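Input: a single structure, listed below in structure tokens.
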There are 2 protein chains.
Amino acid sequence: MAGDSGAHGDLSSNGTHPTKDSKKATIRDVANKAKVSLGTVSNVLNDPERVAPATRNRVLKAIETTGFVRNIAARQLRGGGSKAVGIVILDSSNPFFTEMIRGAEDALRQEGYLLIACSTDGSNDREAMYLRHLEEHQVEGVLITPSNDDLEQIIDFHDRGTPVVLVDRESHSGELCSVTVDDVRGGSIAVSHLIDEGHTKILFINGPTTIRQCRDRRAGVDVALKSLKKVEEADWIEVVDLEVPSLSIASGEEISIELIDLDPTITAIMCANDLVAIGVMRGLARSGADLLSRVALVGYDDITFSSLVSPALTSVHQPQYDLGYAAARLLLEELGDSNHRHHEIRFTPDLVVRESSSGRSSQSQR
Amino acid sequence: MAGDSGAHGDLSSNGTHPTKDSKKATIRDVANKAKVSLGTVSNVLNDPERVAPATRNRVLKAIETTGFVRNIAARQLRGGGSKAVGIVILDSSNPFFTEMIRGAEDALRQEGYLLIACSTDGSNDREAMYLRHLEEHQVEGVLITPSNDDLEQIIDFHDRGTPVVLVDRESHSGELCSVTVDDVRGGSIAVSHLIDEGHTKILFINGPTTIRQCRDRRAGVDVALKSLKKVEEADWIEVVDLEVPSLSIASGEEISIELIDLDPTITAIMCANDLVAIGVMRGLARSGADLLSRVALVGYDDITFSSLVSPALTSVHQPQYDLGYAAARLLLEELGDSNHRHHEIRFTPDLVVRESSSGRSSQSQR
DNA sequence: ATGTGTTATTGAAACGTTTCAAAAACTTAT
DNA sequence: ATAAGTTTTTGAAACGTTTCAATAACACAT
């Protein structure tokens with residue numbers, strides 16, 4: 001920029017970083033350098049076919065010479081989009097969510113969007129705060145796993161003009177797009193696996209039934225049982241319920257204490273998610289209990305580390321990355337289509353069988 | 001807004017979401033409703049003491065009635081900040097980084113900033129792309145773990161006006177703030193622990209020595225050895241080196257094949273990070289090898305799941321959350337202080353001893 | 001009522017970019 | 001040289017908010 005001091009006018013210090021206070025080049029600087037109008041520079045940036053090649057090259061050179069970096073805020077103000085999307089998740093310590101973010105980020109990067117990540121830790125108030133900040137920034141859309149069952153605040157947010165895609169949560173009345181996994185089916189295939197292995201009395205450790213995913217997974221167990229009873233008249237299969245206050249490793253550890261003296265006719269445990277299952281494993285290991293050599297264990301989510309614990313955990317695989325990727329693609333679709341119709345993408349989970357449910361001694365007891 | 005149609009003027013459809021196309025309230029709408037000037041509304045929002053209570057209340061009511069949401073882009077254009085900070089990390093699958101993001105987000109949330117998360121996966125080109133996008137958005141600062149040793153592109157970015165804090169990386173010439181962990185010391189305390197346990201021949205599985213952290217951790221081993229040799233003239237301690245191409249679980253699994261026939265005089269293994277150590281464990285378990293019952297294993301990072309694998313992994317604890325939190329605080333400090341002097345915060349790691357290095361049979365062999 | 005000092009409010013202009021009607025420049029045909 | 005058609009370029013105005021010099025309003029003293 002050595003030869004351009006004149007184009008920048010006053011280079012006086014404004015008190016911030018006195019040693020490095022050059023003003024950034026604007027579109028006006030480029031226009032002056034290339035001896036064209038502001039509109040022509042804008043056309044070169046946004047509609048290059050409209051500009052004669054010679055002029056275009058002159059402008060491109062001036063852009064390089066001045067070190068021009070476009071100002072998104074100015075564009076946004078004039079009516080352009082913010083090129084940013086918010087993602088609001090529950091817990092950034094849970095690999096389920098971080099894989100989801102990864103999928104969303106990959107999809108958005110392809111279109112030149114930035115991803116603003118917000119963790120609510122299940123707090124409705126924090127969710128409200130983040131939504132407000134995102135609205136002030138005029139993000140082009142938001143991907144969100146709601147902090148609770150009541151979608152009112154999210155729907156209000158959407159109604160004020162920002163497209164929303166629900167992640168791992170349905171929109172019952174169809175006013176929002178959503179990406180979900182069929183948790184009823186997930187519960188069914190997990191319990192069916194255990195039944196196929198010969199287990200007849202199964203403990204289901206659920207999370208808070210205020211959480212729809214917990215309810216669905218448990219409901220899936222009933223669906224599988226009903227279906228089996230119809231086909232095989234299998235009336236001897238029994239499911240026992242227990243509930244932990246949160247879907248965390250800590251909750252699993254706490255409940256493991258109650259499992260030490262588990263009814264010996266229970267030969268299988270199914271947990272509402274992997275963190276709870278891992279906590280159970282950890283708690284039992286800590287207390288020296290040998291329960292898991294006779295009892296099968298199944299988790300839900302198939303987070304990255306489930307294959308690394310010992311015994312490796314059988315788990316219902318949720319396509320975490322795909323959830324995030326699909327949600328972002330759905331949002332991009334909505335942004336590009338003024339006649340967009342909301343819809344839902346539903347993924348089907350599958351079971352990944354590992355050590356924790358294999359070769360348990362249920363068959364010898366049956 | 002039912003009684004306000006006049007204030008909004010033309011509510012004609014612009015072809016986007018025809019059913020819900022109300023224009024958002026601007027500061028002008030608030031001013032009209034409260035019968036004050038634009039400047040007064042701005043003062044109520046930004047400098048409320050300057051406005052008479054009666055006027056202020058009238059304006060606040062109008063803000064509520066109109067549903068006004070401030071427009072950050074407009075403020076930014078006029079000279080306000082973007083209230084957004086970028087964080088550029090290497091790999092969002094590694095819990096080390098996700099914990100770090102969590103710390104940064106918590107610190108920034110307190111000041112009303114949003115966090116824009118970007119993953120480079122170690123790619124210099126992707127890092128460059130993200131830096132450019134962040135610059136267009138005029139983020140108020142960037143926290144970054146560099147994708148490689150060459151900081152030139154990051155320093156250029158900083159020199160163009162955006163404050164930068166390096167995370168887990170030093171700035172050798174002091175032109176940037178940084179937050180690091182003393183990896184030399186981490187290496188030392190890990191190997192010292194093994195020596196204290198009686199191990200005299202130790203295998204060090206390093207990552208790419210182009211990565212400064214890998215070099216430092218290995219260097220720390222030498223520092224501990226030198227120190228010990230001075231004090232106790234302990235010339236019998238030996239370290240054997242091996243290198244994996246990347247710090248991943250997969251690399252650890254691959255190298256585990258070579259460990260099956262490990263020299264029996266090697267009684268301890270130290271890995272450059274937890275993912276490699278976990279990979280080694282997994283690979284050995286898969287091949288049925290019983291090596292880890294006689295050989296101690298130490299990792300580095302102490303990611304969340306290290307305590308959950310079996311045997312639970314002894315690891316050098318890195319304060320991941322604190323790294324992120326401190327980096328963000330340092331950046332906020334720099335933003336608030338026009339006479340800011342760059343400095344470095346250096347954390348001291350500590351060793352968390354778990355099963356993987358306890359009670360290995362090294363002492364009976366010595 | 002007049003003068004002085006203080007507080008509160010106003011409103012023009014700035015910020016960087018895009019947009020599109022109008023003007024200018026270019027090309028081709030007569 | 002003139003006219004018509006096409007391409008290229010221009011530049012005024014808009015976007016929402018902040019800022020600060022100028023003005024208005026208010027309070028108090030004489």
Side-chain angles (χ1 to χ4, degrees), chain A residues 7-10 14-15 22-60 62-63 66-83 135-138 161, chain B residues 7-10 14-16 23-60 62-63 66-83 135-138 161:
Chain A
H8 288 280
D10 185 13
N14 69 0
S22 53
K23 284 199 66 81
K24 293 199 175 204
T26 68
I27 212 166
R28 186 179 300 279
D29 300 314
V30 176
N32 289 342
K33 183 130 188 89
K35 300 201 194 304
V36 295
S37 75
L38 300 183
T40 298
V41 178
S42 187
N43 278 329
V44 170
L45 291 170
N46 301 298
D47 200 354
E49 302 307 311
R50 218 180 231 196
V51 183
T55 310
R56 191 190 311 145
N57 288 333
R58 213 166 68 233
V59 171
L60 289 172
I63 283 169
T66 55
F68 172 74
V69 174
R70 111 175 39 199
N71 184 327
I72 294 283
R75 184 160 82 165
Q76 192 177 325
L77 188 57
R78 184 58 177 82
S82 63
K83 299 301 281 187
E135 195 169 0
E136 291 175 351
H137 278 81
Q138 300 189 300
Chain B
H8 289 280
D10 186 11
N14 70 359
T16 309
K23 282 201 64 81
K24 292 197 174 209
T26 69
I27 211 166
R28 185 177 303 278
D29 301 314
V30 176
N32 288 342
K33 183 129 189 89
K35 301 199 192 306
V36 296
S37 74
L38 299 184
T40 299
V41 178
S42 187
N43 279 330
V44 170
L45 291 171
N46 301 302
D47 201 354
E49 302 307 311
R50 216 181 234 196
V51 184
T55 311
R56 191 189 311 146
N57 290 332
R58 209 163 72 234
V59 171
L60 290 172
I63 284 170
T66 54
F68 173 75
V69 174
R70 109 175 40 200
N71 184 327
I72 294 283
R75 183 160 84 164
Q76 190 178 330
L77 188 56
R78 184 58 178 78
S82 65
K83 303 298 279 184
E135 193 169 1
E136 291 176 350
H137 278 80
Q138 300 189 303

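Quick note on labels: first sequence line is chain A, next is B, and so on, each numbered from 1. Because the structure is predicted, anything quoted here is derived from the model rather than measured.
Remark: A:Arg70 is in phosphate contact with C:dT18, judged by side-chain N or O atoms under 4.0 Å from OP1 or OP2. Contact annotation: A:Asn46 side-chain N/O to C:dT18 OP1/OP2 distance is under 4.0 Å. Phosphate contact (OP1/OP2 of C:dT18, side-chain N/O of A:Ser42, threshold under 4.0 Å): present.
If you check C:dT17, D:dT10, D:dT17 against the side chain of B:Arg75, the one that comes closest is D:dT17. Taking only side-chain atoms of B:Ala52, from C-beta outward, the nucleotide of D:dT17, C:dT9, C:dT17 with the closest atom is C:dT9. Among the nucleotides C:dG11, D:dC15, D:dT9, the one closest to the side chain of A:Arg50 is D:dT9. You'll find that the side chain of A:Leu45 is closest to C:dT18, out of C:dA8, C:dT18, C:dG16.
Residues B:Ser37 and A:Arg78 each lie close to DNA chain C; by heavy-atom proximity, the contact nearer the 5' end of the strand is made by B:Ser37. Mapping B:Asn43 and A:Asn71 onto DNA chain C via the closest heavy atom, the residue that lands nearer the 5' end is B:Asn43. A residue-by-residue look at A:Gly79 and B:Thr40 shows that A:Gly79 has its nearest nucleotide of DNA chain D further toward the 5' end.
In this entry the distance linking CD1 of B:Ile72 with C1' of D:dT18 reads 13 Å, nearest Å. Between the C1' atom of D:dT17 and the CD atom of A:Gln76 lies a distance of 13 Å, rounded to the nearest Å. When rounded to the nearest whole Å, the span between NZ of A:Lys35 and P of D:dG11 equals 14 Å. Taking atom CG of B:Asn32 as the reference point, atom P of C:dG11 lies 12 Å away to the nearest angstrom. Here C:dC15 presents its P atom at 8 Å from CZ of A:Arg28, a figure rounded to the nearest Å. In this structure, B:Asp47 atom CG and D:dC20 atom C1' are separated by 12 Å, rounded to whole Å. Per the geometry, CG belonging to A:Leu77 stands 13 Å off C1' belonging to D:dA13, to the nearest Å. Atom NZ in B:Lys24 sits about 11 Å away from atom P in D:dT17, given to the nearest Å.
Heavy atoms of A:Val41 sit nowhere under 4.0 angstrom from any nucleic acid atom. At the heavy-atom level, A:Gly39 lies under 4.0 Å from base atoms of the strands shown.
Across all their heavy atoms, A:Lys35 and A:Arg58 have their closest contact at O-NH2, 3.7 Å.
When the shell of 6.0 Å around CZ of A:Arg56 is examined, it contains more than 12 heavy atoms from other residues, nucleotides or ligands.
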Stepwise side-chain contact (heavy atoms from CB on, under 4.5 Å) check, B:Asn71 with A:Gln138: CA-CA 7 Å; B:Asn71 184 327; A:Gln138 300 189 300; 3.2 Å; yes
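Test B:Val41, B:Asn43, B:Val59 against B:Val51 for side-chain contact (heavy atoms from CB on, under 4.5 Å) and you get one pass: B:Asn43. With A:Thr55 as the fixed residue, the side-chain contact (heavy atoms from CB on, under 4.5 Å) test singles out one of A:Val36, A:Leu60, A:Val44: A:Val36.
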